[in-house]
Structure formats: structure tokens, C-alpha cells
Amino acid sequence: MTGIRVRFAPSPTGELHVGGVRTALFNWFFTRNHGGKMILRIDDTDRQRSSPEYLESILTSLKWLELDWDEGPEVGGKYGPYFQSERLNIYNDEAQKLIDSKKAYYCFCTPEELQAEREINLRKGQPPRYSGKCRQLSPQEIKDKKAHKNFVIRLLSPETGQTVVEDIIRGTVVFENNIFDDFIIIKSDGLPTYNFASVVDDFYMKISHVIRAEEHLSNTPRQQIIAEQLGYKLPSYAHVPMILAPDHSKLSKRHGATSVQEYKEMGVLPEALINYLALLGWSPGDDRELMSINEMTDLFSLDKVSKNPAIYDLKKLIWLNGNYLRTMKLDVIVQKALPFFKNSDELSDVVHSYREDDFKKILEKVIDLVRDRVKTLRELVEASGYFFRDDFTYDEKGVKKHFSKKNAGEILAKVYRTLKDVEPYQPEQIKNALGELSQTLNLSMGRINLPTRLAVTGRTMGPDLFEVITFLGREKTLERIKKAKELFTSS
RNA sequence: GGCCCCUUCGUCUAAUCGGUGAGGACACCAGCCUUUCAAGCUGGCAGCAGGGGUUCAAAUCCCCUAGGGGUCACCA
């Protein structure tokens, strides 16, 4: 036990996206590296936008990535509850303390009034800040207004001095206190604002290190002011750089896939996604790129996290994925690929015509043949159709190129006869037999193999032809050659 | 607009206290391998945002400018 406690605090207002994962990941690396605890807290204080579906999806995503947590939803823990919506009494008590000690006050201004105020300030070229006009309300006025008006609670923030954030990644960051207005800590619906709830929870949950995205750096002095007013000891802060879209803007849905679920559906492996995201804003200090999660955990340290925002580049993720796809153990890939075959429009009925164990055995062979020419699990399915179905279409260009030559029919006929007789029906023998045929006919191997491949698979490219022919078996291979010959050649 | 952060190949990044031909990876291009496509291997293209200082010496330290991002919400 090192006393290190970190938290990942998503709000269930959307899917878990890559930026969130990267933050979760760095927290996880850090705490696992130091033998500390990982706390998952759900920041659901936005009543409008929070939903149970998103919560479910976020938990599912984290589990898929195998980023586990020691305290939080589903596992509990002694600093709970871990949903902010269940901690309202705590926030209210803390807010009351501030009211009692005159460090916070009730404000009865309506959103419309505030909006108007902001616009006036903006027009004058001044920062949009609250005037503080409810500060001076007398106890009697407060009592009267509370009876029939909505109110919020605002923190009385200091007008002079500085607030200094000591950030592990960025160093000392100084803010002048006069830029802060009296910000809201309790909303009119009685729920706390993010800054307030976050500070209270981090304190009571004994969080030692707050590791989060840089967008929160500007909020940190506000949180420190709250903590100071409440007499809390501050956690250490580390603000990790943001992840930006290729056009340098904040990542959003219009930039294509950004959520973990989408990557999962695309056939990206969790190992690859984690490896890729780890490399965005962090490097082990040497030239290593491909690392297991254990290796990264060992190597991780906050002072190797870079300061500058990273632009998200799908190509490298896909490359990494291809790499994992072809180097991970075959049976693991088969297991992970199986759902993609089951759910595919093209092959689902084929899959279900087998007993699962039998299908897995067949699939193992197929995947072994095709996996080093695809990059995702989904592409694995796309590249495998002709192994399972006879009703494939033929590549148009290939047909033009390989079947239109005068002797194409003749070649197919000779291949047919060769394969009919070859014994045993195995890759090496088939290769030799077709090699002899090319000698006899005085044709290059390509002139034999390319039309044969097209006849047997409908494609001009693919895995080792002799392996494919062996996999299909003599009967199917001969049928397909015959069919192609009849369809495309006249001789 | 105020405040804050950031700036090394197109992209992700490395370069212990200032001394490097500025290294690696993806992508791209070429070659090799080969029955095709991949994979693999080899090689290539490409960068210190700009300007001033400090110093014998600056990607590295300081200042300015420019650019990007964040934040200033009864969102988190």
C-alpha cells in the first residue's frame, strides 16, 4: 500500500471516447505501476444529459479494454457511494458549511438576467463575469426570496492575490485571483456543479493524484479555491495533453469513429487500441513502439508524458492492429474473430450450419491463411468469403486479364486434369504438379496460377494458392474450375 | 476579448547537465523476396514555427512575434 489513489470520473452523457480512454489509461498505468488504487467515479450531476445506457456502455468499454477498478460501480468500496447523484447530502453539507462561515452565499439572479449581464460585458470588451450583486443581501431578504424563488449558491472568491497550481506535467502555473468571479457551486436544481462536486469527492475519496485532460487546467485554480475555503488538503495534479482531430479541432462525432464501441465493431483489438493510445502523449523514452500492457505499466511515468496536444492518426492504429492480428496466438484471434463471422451478412448462415467447435477448427485454418494480409477482424471476414461459399463473384479486371486469352480455356482444362490426378492432394504435391504443367506447356507459373486462382476464388490475389486449393478439397476445386471454364471461356 | 497551456519530419515521438551527420515509428516512394496480394527485409523522401538575445557552442536557456488548443456555463 502506497497511499496512491487515482480516479477516472466519466460523466454518462455519451459513449466512452478515445480521449477518455487515454485519460483512464494513464491513471491506470500510474496507479498500477505504484501499487495504488484505481477509483471509478460516475460524475452524473447533469440531470438532462446523463443516461443509464451511456453508463452501461462506458462500463462495457472499460471492461473490454480490461482497465479494471478497485472501487466504484459494481465493486463498491469504503469511500462510496461512487455516483455523484447519490452523494447530494455530502455536497449540501459542505455548501452549508461555506454559507455558515460566510464563504458562500445565495444568489437569486435568473439565467436570463445573467445572460444579459454577460452580453453587456462582452459588448464592452470585458470578460463575462458575475457582478456579485447578491453578496449584499440581508438575512431578511434572503429569507423572503428563498420562500418563492429559485436560488443557487455561489462561492465568495478572493479578489486579490494569486492561486498557484503545481502541475506534475506542466510545472508551476500562476493565476491572478481577480479573474475569477463568484462562481456557482450548487445549481438551482440542488445539484452541485462539476468544480464543487469534484473537489469534495476527491477529498473524501482520498484521491492522491488527479490525472485528467488539459481542458481542466484552467478550472483547477477554482477547485483549489474551493478546497482552500473548505480547509481541504490538495491532491497532486497532472494535466495530460488533449487528443485532437486531424483538422486540429476538438475530437467529435464528425471526425468518424471516436468511441470505443465503434472501434470494437470495426474489429480493432483492445490490445492495439491501448498500445496506440499509450503512445499518444507518452513514450517509454526509447524506440519501443509495440508493447504489452504489462510492459507499458512498468515503463510508465508521468514525467515522460509530453506537454503538447496529439493529433489522432487512424493509420497508425490500424497498422498496430494488423500487427497484433498477425502476431497474437491463433486460437485467441479465432475466439475474437468468431462473433464477427457469426454476425456477418455474408457468412452468418454458414457459421450456424456447423457445430461451433467444428467451425472453430475450420476457422483456425482460414484465419491462419488470410490474417497477415488484413488489418482488422472485420476485414478477416471480408477476406474469407470464398472459403465458405461457392457463389462468389469474379473480379472483373481479373476476368478480362486472365480468362480472355485464347488458350485460357485450355489452360484451365489442363489444370483441371492435373488436380484431378495429383496424389496426395497436398500443397507441396499440388505445387509440384502445377510446376510440371508449366514446364510442359512452356508457360510461366503465373500463367497457370493466376487464372487458377481466379477460377477458384474469384479474386486475383490472396493467400498461397496451393494452400487454398488444399483447404477447399479436390471436389470443390474441380467444380469451381469447371464452372469458370464454362462461364468465361469458349474452348 | 481576458487568462492559461502548447510549438522537432504530413502524423506520433526521441535527443540525460547546452556540444548529435537531429534518432525511431506510421504514412508515402523504390528495390529485394515471390504463383498473386500481403507480410518480411533493405534503402529513400521529409523536421527543430519566425525573429532577437545569452554563450566558444542553442532544438535545448531568456525575450518578442506568429500559430494552435483550452477556459471564462445553473456541461463535465
Side-chain angles (χ1 to χ4, degrees), chain A residues 9-11 13-14 43-46 48-50 84 107 109-111 114-115 118 121-122 124-129 150-154 165 167 169-170 173-176 178-181 183-195 197-198 213-222 239 241-242 244 246 248-250 276 279-290 306-320 322-323 326 370-375 383 398 431 434-435 438 444-450 452-454 457 459-466:
Chain A
S11 70
T13 55
D43 284 9
D44 54 352
T45 54
D46 184 342
Q48 253 80 50
R49 296 192 300 149
S50 294
Q84 290 191 326
C107 169
C109 300
T110 64
L114 296 171
Q115 186 58 33
R118 258 197 294 277
N121 282 336
L122 241 24
K124 282 196 238 158
Q126 284 166 357
R129 58 201 304 273
N150 281 334
F151 61 87
V152 300
I153 298 178
R154 289 182 183 270
V165 177
D167 189 278
I169 295 170
R170 278 150 223 287
V173 185
V174 179
F175 297 83
E176 294 296 330
N178 61 23
I179 64 171
F180 305 117
D181 60 1
F183 50 90
I184 294 171
I185 55 175
I186 300 285
K187 300 183 270 188
S188 59
D189 61 3
L191 299 202
T193 57
Y194 163 75
N195 281 324
S198 182
E214 199 208 313
E215 57 186 317
H216 295 292
L217 182 58
S218 301
N219 275 321
T220 306
R222 279 172 240 276
H239 287 92
M242 313 225 350
L244 267 29
H248 287 78
S249 69
K250 216 170 161 179
Y276 174 68
L279 256 18
L280 237 42
W282 173 79
S283 95
D286 54 29
D287 290 338
R288 267 180 277 196
E289 301 266 347
L290 287 155
S306 77
K307 295 178 173 47
N308 37 329
I311 289 159
Y312 186 76
D313 175 26
L314 196 63
K315 288 200 183 112
K316 189 155 179 176
L317 168 62
I318 296 302
W319 169 77
L320 268 163
N323 211 298
R326 80 182 87 91
V370 302
R371 70 166 164 175
D372 63 347
R373 59 214 87 215
V374 300
K375 307 227 182 269
K431 182 178 184 179
L434 290 179
S438 92
S444 70
M445 283 297 272
R447 291 293 306 282
I448 307 285
N449 292 335
L450 297 176
T452 304
R453 176 186 296 282
L454 185 59
T457 70
R459 305 190 185 194
T460 56
M461 52 196 180
D464 183 274
L465 178 63
F466 317 112

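Chain A is the first sequence line, chain B the second, and so forth, proteins listed ahead of strands; every chain is numbered from 1.
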Whole-angstrom distance between A66(B) and A27(B), as gauged at atom C1': 29 Å
Whole-Å C1' distance, C45(B) and C29(B): 7 Å
Round to a whole Å and report the spacing from NZ of Lys315(A) to C1' of A27(B). 5 Å
Stepwise side-chain contact (heavy atoms from CB on, under 4.5 Å) test for His239(A) and Val173(A): CA-CA 11 Å; His239(A) 287 92; Val173(A) 185; over 6 Å; no
Pick base, sugar-phosphate or nothing for Gly281(A), based on heavy-atom distances below 4.0 Å to the nucleic acid. sugar-phosphate
How many whole angstroms separate atom CG of Leu290(A) from atom P of U13(B)? 17 Å
Could you tell me whether Val174(A) contacts a base, only the sugar-phosphate backbone, or nothing, with contacts defined as non-hydrogen atoms closer than 4.0 Å? sugar-phosphate
For U54(B), the Watson-Crick or wobble partner whose two distances fall under 3.5 Å: none
With the sugar-phosphate defined as primed atoms, P, OP1 and OP2, and the base as all remaining atoms, what B/S/- string results for nucleotides 62-76 of chain B, 5' to 3', for protein heavy atoms under 4.0 Å? -------BBSSSBBB
Starting at the 5' end of RNA chain B and moving along, which residue's nearest nucleotide shows up first, Asp372(A) or Tyr312(A)? Tyr312(A)
Watson-Crick or G-U counterpart of C72(B), or none if no pair lies under 3.5 Å: G1(B)
For C61(B) and G67(B), measure between their P atoms and round to the nearest Å. 23 Å
Interatomic distance at C1', U16(B) relative to A59(B), whole Å: 15 Å
Would you please test Asn449(A) and Met445(A) for side-chain contact (heavy atoms from CB on, under 4.5 Å) and show each step? CA-CA 6 Å; Asn449(A) 292 335; Met445(A) 283 297 272; 3.6 Å; yes
Suppose we call a contact any N or O donor and acceptor under 3.5 Å apart; does that hold for the side chain of Arg170(A) and the base of C5(B)? no
Ignoring hydrogens and angles, tell me if any N or O in the side chain of Thr460(A) forms a donor-acceptor pair with the backbone of Gly398(A) under 3.5 Å. no
What is the pairing partner of G67(B), taking Watson-Crick or G-U wobble pairs with both distances under 3.5 Å in any strand? C6(B)
If the P atom of G68(B) is compared with that of C26(B), how far apart are they to the nearest Å? 31 Å
Just to be sure I understand the rule, does Phe183(A) reach a base, reach only the sugar-phosphate, or reach nothing, if contact means heavy atoms closer than 4.0 Å? nothing
How many whole angstroms separate atom CG of Asn323(A) from atom P of A25(B)? 13 Å
Residue mapping more 5' on RNA chain B - nearest nucleotide basis, Asn449(A) or Trp319(A): Trp319(A)
Could you tell me how the ring of Tyr276(A) sits relative to the ring of Tyr312(A): parallel (under 30°), tilted (30 to 60°) or perpendicular (over 60°)? perpendicular
Should the pair Arg49(A)-Asp46(A) be classified as a salt bridge under the 4.0 Å nitrogen-to-oxygen rule? yes
Run the salt-bridge test on Asp313(A) and Lys315(A) with the 4.0 Å N-O cut-off and return the result as yes or no. no
4.5 Å side-chain heavy-atom contact, Asn195(A) and Ile185(A): no
Side-chain touch Pro463(A)/Arg373(A), heavy atoms, less than 4.5 angstrom: yes
Provide, to the nearest angstrom, the distance between the CG atom belonging to Leu279(A) and the C1' atom belonging to A27(B). 15 Å
Quickly work out the Asn178(A) CG to C4(B) P distance and round it to whole Å. 11 Å
For A38(B), take OP1 and OP2 only and decide whether either is under 4.0 Å from a side-chain N or O of Arg326(A). no
Any strand: nucleotide that pairs with G31(B) via Watson-Crick or wobble, under 3.5 Å: C41(B)
Which base, if any, makes a Watson-Crick or G-U wobble pair with C17(B), both distances under 3.5 Å? none
When we call it a touch if two heavy atoms are under 4.0 Å apart, what does Met461(A) touch: a base, just sugar-phosphate, or nothing? base
Are more than 12 heavy atoms, taken from residues, nucleotides or ligands other than Met461(A), located less than 6.0 Å from that residue's CE atom? no
Tell me yes or no: between the side chains of His216(A) and Ser198(A), is some donor less than 3.5 Å from an acceptor? no
Roughly how far apart, to the nearest Å, are A39(B) and C32(B) at atom C1'? 14 Å
Is the phosphate of A14(B) approached by Ser283(A) (side-chain N or O, under 4.0 Å from OP1 or OP2)? yes
Please work out if Pro463(A) contacts a base, only the sugar-phosphate, or nothing of the nucleic acid, heavy-atom cut-off 4.0 Å. base
Rounding to the closest angstrom, what is the interatomic distance between A76(B) and C17(B) at atom C1'? 42 Å
So what does Arg447(A) touch, heavy atoms closer than 4.0 Å: a base, only the sugar-phosphate, or nothing? nothing
Quick check on A39(B): is either OP1 or OP2 less than 4.0 Å from any side-chain nitrogen or oxygen of Lys375(A)? yes
Atom NZ of Lys316(A) and atom P of U11(B): how far apart are they, to the nearest Å? 13 Å
Looking only at atom C1', what distance separates U8(B) and G23(B), rounded to whole Å? 11 Å
d(CG, Asn308(A); P, C5(B)) in whole Å: 14 Å
Pairing partner of U60(B), by Watson-Crick or G-U wobble and under 3.5 Å for both distances, is none
Leu280(A) CG to A25(B) P, in whole Å, measures 18 Å
Which is true for Ser438(A) with a 4.0 Å heavy-atom rule: it touches a base, it touches only sugar-phosphate, or it touches nothing? nothing
Base, sugar-phosphate, or nothing: which does Gly285(A) touch, judged by heavy atoms less than 4.0 Å apart? sugar-phosphate
